[in-house]
Each structure stands twice: as C-alpha cells, then as structure tokens.
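Reviewing the structure listed below.
Order of the sequence lines fixes the chain letters, A, B, ..., with proteins taken first and strands second; residue numbering starts at 1 for each chain. Computed from a predicted model, the values in this text were never measured in an experiment.
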Amino acid sequence: MAEYTPLEKIRLQKVEELRAANVEPYPTRAERTHTSAQALAAFEADESQETNVTLAGRIRSMRPKGKLSFAHIEDGDGKIQLFLRVNEMGEERLAFFNKMFDLGDFVEATGTMMRTKAGEATLLVRDFKLLAKSISPLPADKDVTQADGTVVRYASLDDAELRARQRYADLAVNPDVRETFRKRAKLIKSLRAFLDERGFLEVETPILQPLYGGAAARPFTTHHNELEQDMYLRISFELYLKRLLVGNLEKVYEIGRDFRNEGVSFKHNPEFTQLEFYWAYADYLKVMELTEQMVAYAAEQVTGSTKVQFGEHELEFKPPWRRVEMRQGILDVTGVDIAEHATAEALFAAIREKMPKAAPDPKSTRGKLIDFLVGEYLEPTLIQPTFLYNYPRDISPLAKSIPDDALTVERFEGYVAGFELCNAFTELNDPLDQEQRFLEMGRDYEADDEEKHPLDEDYLRAMRYGMPPNGGFGMGVDRLTMILTDKHSIREVLLFPALRKEE
RNA sequence: GGGCGCGUAGCUCAAUGGUAGAGCAGCGGCCUUUUAAGCCGUUUGUUGAGGGUUCGAGCCCCUCCGCGCUCACCA
C-alpha cells in the first residue's frame, strides 16, 4: 500500500471535507466550451464583445491576494490566467477556492474574458467546479517568461531517471516534453503519408514468431503453452514482408516494434520502432532516391524545414544526399584499399601495416574487418546525411551481389550525425543463392553462437515460388525522431523507455 | 560486463571530518489587478541501503542498490 507523505495526508483530508460538504472531488462530467487557445483567440478577435467561456485544466499556480485571487490553469493548448474576486462570487466562495484547491487539481471555470491591468488576457471567473483532486503534489516547478520572451525555470523536474519512470509527471510539468512526442507522432504520420501516396500498402506481420530472422541480434524468447513450443519476439520484419512480394503485393511497408535482447545505450532500447518497406522491380539506387525524398519530406513536416539543428550541427536533408562508395570512403580515411585484399588474413595484415594502433579482432571475417574500419574511422566523419554504399557480402546475407563482384553486395546505409539511420539493399531473390548464404553464415560462427542466422525453410520455400527483384529498406524511427527533435538519447523520444524494475 | 561520476526535504540545490541548511512547495495569518506576487510566522530529513575507520562521518574506506556518461556488444 502507498505510504502517504504529510502533504498527501493534508490533501486526503480535503477530499474528506469536500465529500462532507457535498462536493464530489471526482465528478463524472465536465462542461468545457473552449480550450485556453480557443478562448484567447475568440477574445482577441474582438475585445469589445463579451466572450463567455467555460475552461478546464490543471491548476499550475495560485496567487491569493485577500479578496481576490489569481491562478493559472494549463490545458492541452497551454496556460491561461483565472481571476477570482469576491465581487463575482462572495467571500465564502472565494475562501473555499483558496482553501480547498491545490496546485495540480483539475478545475473547471466559467466566466467572461477580460484584460488585467498588467495586460494579460484573463478569465474573470463567475463560478468554478472541481474536476479532479490531486493527492500527490507534482514536482514543483516555476517558469517565468522574461520581458524578452525567454523562459527561465527556477525549479524543475530534471532527474533523468525520475522523468523516464514517471513520464506522466514529466509530461505534466514539462511542456517541451509534450512537444517532443507531438513531433514524434507527426513524424510517423508523415512517413505513412509519404508511402501511402506512392502506392505502398501498409501491412502487419507477426510480432510473435516461431523463428526469428532478418537481422543479427539476440531475440527475446517466450513460450506458447498450448502449442508447446518456444516463440520469439521479432528482431526485424524483413522475411515476412518479402514473403508478401512472393504473394504479388508489389509495394508493402510496416511501422512497428522490433525487440532485440542486446545492450542498452543512448541509441539502443530493447524495443524500438522500425519502418521497413519492400518495393518490387526497384533496386538499391531507386531506394536511395526514395529515402532521401522521404526523410526530407518528414523533416519538413516535423520541423518546417529540411535544415535541422542537431547539437552543434546544422543538417541539410534536401536531396541529393552525399554518396560515398565504401571502398573509396575507407581508402580516403585509412589508406587501406579493401578491394586489394580478398581474404580476412590479407586485410588484417594491411590494417596492421597502415594503422599499427588499430586493434581489430584477429578472428574477424573479412566483412567484420571492413565493418570495423567503417565504424572506427568512417562513420564519425559522416555528419551530413550520407549514403554509404556497396557492402561486403559476408555480413549481408540477404542482399544481392553486384554483377561481376562476388565479394560486394548492392547495399547502402544512411548516416546522419555520425550514426546509422537506415539500411537498405537490392534484395536477394535467388532461392539457391539464399540457401547458400544461410549455410555460409552458419559456417562463420560456432554452433552455439547467438549471432548465428537461423535457417528459415519456409522463407526459402516462399522464394522458390519466385520473388520479383526488389529493393528493401529499414529505418530506426526513434533515431530519426532524435535527430528531428535534437534529442541526444533514445530515452528522450520514448514515452516509457526500458528501465530496471524498481526495488 | 569494464571504466568514470552521481544519489542530501515534495522539487532545485548548499553544507574543510565538528550542531544538516536555503529558495520554491506546504501549513497559519495580512493583503481588491497579481504573475518567481509581497509581508509576518511556521512544519518537514533513516543524507539510497548495509558495514567499517574515527572522540566524531552527508563527507574517508568496503559491499550492495539505482541512475547518468563512456567503452565493449549491437551486420
């Protein structure tokens, strides 16, 4: 059971007193006629007319001043001031308001809009009603708008853990947090609109899967009792969405949750939102063009511009983005030409020769060594939106090889602000080649290696019916949200990020 | 998992190893145009938990818990 603080006990006492006085502290219905913004707009449109409104919101400040009181309430649109005087309601009623109402209470107020001596558009209250009593005080905060318009906060909830654990309190007292999640919603809506307009069909595929695949990650495992079988939460949508291409759906996409049983960091959460699309008869170059258009469109919808400030960087999303061929990019920053080293051993030796301080894992495959070079030396330089393309085959088991280059596949990743935003390729549609790749992957790892790619026989069966050539794409929606809202931790863009359980 | 750092009142934060404090919030008053309202008075702490060193620990040491940053991992 909850233990109440002295403050909470006082408020619980008030609840009792209210009920004793026949005032319901949690009435069923509200009678709001205007939001704060609507009331202000109606009043300011013509101040000579009487504007009568009923507002509802949470009390954020109270300034009782003898026979009159000021208060600010906040609703979904913002704050608005209430002005209560004995002239309108009598001393007893005003005293009741001052005594029984607290910061955090939801209240309804009816009256006429007016302007105070200080010039603030304010509701002169004739009557008021309690809508919901707040028992626990919200984290105290005070913010003051200076003459120059800047807002100074004197005390606020800024403990990162508490803000994430009690997001409801964070949202209640930090309007900018509400704004972040409005932008997130706008982003997802804009991605949908963009793809819908271009004839992509939104679909839903299983989250609970008998076999996981489409990425290299450890899954969350669970168990279906009746079927008596283990099941996995999906780590990607890829293999199910591509099955749909076999079914003659030419353009499909899904926005949803992926689950990966991996480490948590400023850019990783165990569950995260992914956008994937698959596009028949397109290749990775067409996907590249669609990607830059889509992200530029989203940036404009969310922020009003294709120029986005992220930390110290001003990012320009307007197409075309910079394109860097992986071999050339690595050559430029490290002096190592991966094309000259066809085996892991040769490449490892070349890396040690050019960069004695580099410490790649000696057991790495050639692809992992290349990945090491990219992550270590190239990624940090990719600040403006950039497509890095042509990846090593052995770390891309679902991508199609470049004609006449057995070691390289048609794959690109989009980088922004030094981290990976999206991943795409010309999809492998040759069932025999795919089977080989799965088997190769198996050989590259120990039998019990958690990164081992499980062989999905049903996926191969689907592919044998014939899969059209196609381009596929996956993007971390949380990461794009971070970039578009200038937040530097994934926790800031997730309403309820994963946290260790309390106590 | 490794390294570094943090944890003090409801909130934001102070406090050389020497009596745990301030502002806001709360509570009791005064106040008919306030907006960090003001003025007078006043309450609140297992200093994250446990152990140790010391005459004496919020402060030093150890263990644990939680969080942050970072490294590793994450095609």
Side-chain angles (χ1 to χ4, degrees), chain A residues 4-11 13 60-72 79-88 91 94 98-99 102-104 114-120 122 124 136-146 151-165 169 173 214-218 235-236 258 260-270 272 359 361 364-365 367-372 374-375 391-399 409 411 413 419-420 423 425 441 444-445 450-451 453 474 476 488-489 491 499-503:
Chain A
Y4 293 109
T5 65
L7 266 67
E8 289 169 332
K9 284 175 183 160
I10 288 166
R11 294 204 184 174
Q13 180 63 34
R60 295 306 310 281
S61 65
M62 291 175 81
R63 290 177 295 283
K65 199 181 178 315
K67 293 187 169 56
L68 51 86
S69 280
F70 291 94
H72 272 93
K79 287 185 187 172
I80 189 165
Q81 184 168 252
L82 305 183
F83 183 22
L84 298 85
R85 292 193 305 189
V86 292
N87 310 42
E88 281 74 33
E91 287 196 27
L94 182 64
N98 289 339
K99 183 168 165 49
D102 293 293
L103 297 185
M114 59 160 292
R115 203 167 278 281
T116 62
K117 280 184 182 166
E120 181 168 347
T122 297
L124 179 61
S136 305
L138 282 166
D141 84 307
K142 281 279 166 104
D143 52 40
V144 186
T145 308
Q146 311 286 76
V151 175
V152 178
R153 317 209 79 191
Y154 286 88
S156 62
L157 175 64
D158 70 350
D159 178 86
E161 182 197 356
L162 198 61
R163 286 186 46 233
R165 260 189 217 290
V173 302
R218 279 183 288 171
I235 58 172
S236 90
D258 269 343
R260 295 187 184 175
N261 208 338
E262 309 274 2
V264 174
S265 82
F266 75 95
K267 55 179 176 178
H268 295 93
N269 194 66
F272 61 99
D361 183 349
S364 296
T365 63
K368 289 225 163 187
L369 287 171
I370 293 171
D371 199 43
F372 167 82
V374 169
Y391 274 65
R393 179 184 135 125
D394 70 81
I395 56 168
S396 315
L398 300 162
V409 294
R411 170 179 175 188
E413 288 190 353
F419 64 75
E420 179 194 339
N423 179 19
F425 25 92
M441 285 301 285
D444 286 339
Y445 298 97
E450 282 152 327
E451 285 189 33
H453 215 96
H488 297 250
S489 167
R491 288 191 170 178
L499 297 168
R500 231 174 278 265
K501 74 177 177 192
E502 285 179 276
E503 299 295 286

Roughly how many Å apart are [M] and [N], using the [atom1] atom of each and rounding to a whole number?
{"N": "B/G38", "M": "B/G23", "atom1": "C1'", "answer": "15 Å"}
{"N": "B/C59", "M": "B/U70", "atom1": "C1'", "answer": "26 Å"}
{"N": "B/G56", "M": "B/U19", "atom1": "P", "answer": "15 Å"}

Rounded to the nearest angstrom, tell me the gap between atom CZ in A/Arg85 and atom P in B/C31.
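The distance from CZ of A/Arg85 to P of B/C31 comes to 17 Å, rounded to the nearest Å.
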May I ask you to verify whether the side chain of A/Glu120 and the base of B/U34 hold a donor-acceptor pair under 3.5 Å?
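Under the 3.5 Å cut-off, the side chain and the base do not form any donor-acceptor pair.
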Could you check whether the side chain of A/Thr116 and the base of B/U34 have a donor-acceptor pair of N or O atoms closer than 3.5 Å, going by distance alone?
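Flag set: donor-acceptor pair detected.
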Would you mind classifying the nucleic acid contact of [X] as base, sugar-phosphate or nothing, using non-hydrogen atoms under 4.0 angstrom?
{"X": "A/Pro392", "result": "nothing"}
{"X": "A/Ser396", "result": "nothing"}
{"X": "A/Asn423", "result": "nothing"}

Would you please confirm or rule out a distance under 4.0 Å between OP1 or OP2 of [N] and any side-chain N or O of [X]?
{"X": "A/Lys9", "N": "B/G10", "value": "no"}
{"X": "A/Arg63", "N": "B/A37", "value": "yes"}
{"X": "A/Lys368", "N": "B/A75", "value": "no"}

